[in-house]
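All figures in this text were calculated on a predicted structure; none of them were measured in a lab. Sequence lines set the chain letters: A, B, ... in the order given, protein chains first and strands last, and positions in each chain run from 1.
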2 protein chains.
Amino acid sequence: MITLTSAEENYLKAIYHLSDGGKKGVSTNDVSAEMKTKPASVSDMLRKLGEKEVIEYRKYYGLHITEEGKKMALQTIRKHRIWEVFLVQKLKFSWDEVHEVADALSHVKSKSLIQRLDEYLGYPKFDPHGDPIPDEFGDVRVRPRLPLNEIELGSTGQIVAVKDSSPAFLRYLDKVGAYIGARIKVIDKTEFDGSVEILVDNKKSIFMSKDVAGNILVMV
Amino acid sequence: MITLTSAEENYLKAIYHLSDGGKKGVSTNDVSAEMKTKPASVSDMLRKLGEKEVIEYRKYYGLHITEEGKKMALQTIRKHRIWEVFLVQKLKFSWDEVHEVADALSHVKSKSLIQRLDEYLGYPKFDPHGDPIPDEFGDVRVRPRLPLNEIELGSTGQIVAVKDSSPAFLRYLDKVGAYIGARIKVIDKTEFDGSVEILVDNKKSIFMSKDVAGNILVMV
DNA sequence: TATTATTTTTAGACTTATCTAAATCGCTAA
DNA sequence: TTAGCGATTTAGATAAGTCTAAAAATAATA
Ligand SMILES: [Mn+2]
Ligand SMILES: [Mn+2]
Ligand SMILES: [Mn+2]
Ligand SMILES: [Mn+2]
């Protein structure tokens, strides 16, 4: 049975995201940028993760996550997202405050803690940012979703997730009144700059830049 | 502002308990036994805690906890006990399973997490083992309480806490039907071996050895 | 009080995770 | 085809927390 330290779990989770769920190879510098640690530290960590066979690592050529690595990354992601649900739903944190705390909580080692928490929360399928929560086997419920700026003029849909979970972006969405679950309709699109205007819940109209719209994911 | 690592917090908490809340001095070996680490490791840690002035440490002569140290220990204890309440009340852990997990959770660094959790739980005053939860200023609600074996024959009272929180002891209490909050009456005492017999909630009679009775705390 | 026993500390080693500085590799542009 | 640049790894250092073995200090006992 492979066990990972908290640091190893964090690196593996970052690698899973960078590799787009295992589809792409990842470089040392990619990981360095994501983890905000120096490339030298990353090299050392990649060697360790390679020895534990959660990644396939070739010196100077980057890495690929293994099937075992994917499984473990998904379990870490599962814990992280379940804790985020708890913090927002039960403790009334706002969705821009939970990432760091959930990270710390997700490293607490206990067989039953996450099962019981999951049960307590009613087996949530998505986290506060709309990201799917893998089940205990690592299976993920995929929802087809598109960036808001790619939705056709006149179409309706529902905001289901955000690509950017940074506090700055999330607080901006709070300010303008966009939220996960909102029903939207695209009422104007400007080709020139890619900006869009949407109607939220048939009430409020919001104008947003292409940049913002590209980070909002919609299910049509 | 003094900050402690998780290990330092754990040592300081142990020291607080060993010193009976600051009343007694504590030796290196005491701490070693409590923490299950070697005396050599303890010496090193005591030096660090001394430098941070949470204890007053004289080589070869043991230590005394300082006022600042007491405050910090009480905050760690507060977090630990609040998490224990959460695990038992909300996640349905049994009271013999929560200590380790609560320990890990209590080291998560976040200004607001414990405040919000405390609020969510309705500001509990006691943990699942009947131990008082210090408030955010470190103030503790003291309840006068006596070991069950020191209660007079014929007296009534209420079980309010346990001295021994080991899983083995707690599971034994579960088995015989003793629990925090139970109304009891001492219906027999044997001078010879110190054993007692009690009536729980005017229904069930329980016979217990002096050893067991001495670890049950009663408010008369 | 002198010797022995116990307690405590020091010295040196190991592990994990990080850094800086220096060396090395691989790719690309001349 | 090779010089040079950027990416990557290696080497060596640091910090925290632990250990074992040995030294030193204190306490107990004869
Ligand atoms: Mn997150
Ligand atoms: Mn999230
Ligand atoms: Mn406890
Ligand atoms: Mn407790």
Side-chain angles (χ1 to χ4, degrees), chain A residues 1-15 18-19 24-65 69 72-73 76 100 103-104 106-109, chain B residues 1-15 18-19 24-65 69 72-73 76 100 103-104 106-109:
Chain A
M1 228 271 112
I2 313 147
T3 52
L4 301 179
T5 65
S6 294
E8 286 169 344
E9 279 184 358
N10 281 337
Y11 273 91
L12 189 60
K13 184 156 59 112
I15 286 165
L18 288 169
S19 68
K24 296 186 286 197
V26 177
S27 76
T28 300
N29 265 6
D30 290 345
V31 178
S32 167
E34 180 76 13
M35 292 295 295
K36 296 178 171 58
T37 53
K38 300 293 163 183
S41 309
V42 174
S43 284
D44 203 53
M45 183 52 83
L46 295 185
R47 187 185 49 71
K48 288 184 211 163
L49 293 176
E51 279 167 10
K52 293 196 174 177
E53 297 184 325
V54 293
I55 63 171
E56 202 186 323
Y57 171 48
R58 273 186 62 211
K59 271 187 203 172
Y60 295 104
Y61 289 90
L63 65 100
H64 288 266
I65 194 165
M72 303 199 75
T76 304
E100 256 190 297
D103 239 326
S106 68
H107 293 302
V108 170
K109 261 64 179 175
Chain B
M1 231 270 110
I2 314 147
T3 52
L4 301 179
T5 65
S6 294
E8 287 168 344
E9 280 184 359
N10 281 336
Y11 273 91
L12 189 60
K13 183 156 57 113
I15 285 166
L18 287 168
S19 68
K24 296 186 284 198
V26 177
S27 77
T28 299
N29 266 6
D30 290 345
V31 177
S32 168
E34 179 76 13
M35 293 295 295
K36 296 176 172 54
T37 52
K38 301 291 163 185
S41 310
V42 174
S43 284
D44 203 53
M45 182 55 82
L46 295 184
R47 187 185 47 71
K48 287 183 210 165
L49 293 177
E51 280 167 10
K52 293 195 175 179
E53 298 183 326
V54 292
I55 63 171
E56 201 186 323
Y57 172 49
R58 270 187 66 211
K59 272 186 203 175
Y60 294 102
Y61 289 91
L63 64 100
H64 288 265
I65 194 165
M72 303 199 73
T76 304
E100 257 190 295
D103 239 324
S106 68
H107 294 302
V108 171
K109 261 62 179 175

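- Under the salt bridge (charged side-chain N to carboxylate O under 4.0 Å, His left out) criterion, A/Glu8 pairs with A/Lys52, sequence neighbours left out.
- Salt-bridge annotation for A/Arg47 and A/Glu51: present, with a side-chain N of the basic residue lying under 4.0 Å from a carboxylate O of the acidic one.
- Closest approach of B/Ile65 and B/Ser19 over heavy atoms only: CG2-OG, 4.1 Å.
- A distance of 9.0 Å separates NE2 of B/His107 from OG1 of B/Thr5, quoted to the nearest 0.5 Å.
- Taking atom CG of residue A/Asn29 and atom C1' of nucleotide C/dC25, one finds them 14 Å apart after rounding to whole Å.
- You can see that DNA chain D meets the heavy atoms of chain A within a 4.0 Å-exclusive cut from D/dA7 to D/dT10, reading 5' to 3'.
- In terms of heavy atoms, A/Gly69 sits closest to A/Leu12 at O-CD2, 3.5 Å.
- In this entry the distance linking OH of A/Tyr61 with C1' of C/dG26 reads 6 Å, nearest Å.
- A pairwise comparison of heavy atoms in A/Ser43 and A/Thr28 identifies OG-CG2, 4.1 Å as the closest pair.
- For B/Lys24 and B/Asp30, the salt-bridge test fails: no basic side-chain N is under 4.0 Å from an acidic carboxylate O.
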Dump every N/O contact between nucleotides 17-23 of chain C and the protein below 3.5 Å, one line per pair.
from, atom 1, to, atom 2, distance (Å)
C/dA17, OP1, A/Thr5, OG1, 2.3
C/dA17, OP2, A/Lys48, NZ, 3.2
C/dT18, OP2, A/Tyr11, OH, 3.4
C/dC19, OP2, A/Lys38, N, 3.0
C/dC19, OP2, A/Ser41, OG, 2.6

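- Counting non-hydrogen atoms of other residues, nucleotides and ligands closer than 6.0 Å to NZ of A/Lys36 gives a total of 12 or fewer.
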